[in-house]
Amino acid sequence: MKKKLQLLAAAMMILLSINVNADTIINSDLNLYNPDVRKCLLEASKSEGWELKSVYMNADKKIVYVFSKDSNDKVYISK
């Protein structure tokens, strides 16, 4: 059991140390809590060729959208 916990801790540290190549876009005018804003963001991103990879709520209780295109990522964080 102790060995599994050590392995889990090592894996977490490796994941945290990996440098992710992403553009972080924080737009104070973008209210991701509004469903109409989210719909427009999804439609505009799709029309430009961006694929939605992930949607989650971070530790600060902010909605995060991650889009990918080729080898680039864009991260939208609500204010």
For residues 33-44, dump all side-chain donor-acceptor pairs below 3.5 Å to protein atoms at least two apart in sequence or in another chain.
residue : atom : partner : partner atom : Å
Tyr33   : OH   : Lys61   : O            : 2.6
Asn34   : OD1  : Asp36   : N            : 2.9
Arg38   : NH1  : Leu32   : O            : 2.8
Arg38   : NH1  : Tyr33   : O            : 3.2

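Taking Asp60 as the reference, Asn58, Lys62 meet the side chain to side chain contact (heavy atoms under 4.5 Å, CB included) condition, with sequence neighbours excluded. Ser68 pairs by the side chain to side chain donor-acceptor pair (under 3.5 Å) definition with Asp73, not counting sequence neighbours. With sequence neighbours excluded, no residue forms a salt bridge (charged side-chain N to carboxylate O under 4.0 Å, His left out) with Lys69.
Between Val75 and Tyr65, the closest side-chain pair of non-hydrogen atoms is not below 4.5 Å.
Under a 3.5 Å cut-off, the side chain of Ser78 and the backbone N or O of Ile63 do form a donor-acceptor pair.
In this structure, Tyr76 has its ring center under 6.0 Å from that of Phe67.
Listed by first then second residue, pairs satisfying salt bridge (Lys or Arg N to Asp or Glu O under 4.0 Å) with a partner in residues 45-59 read Glu51-Lys53, not counting sequence neighbours.
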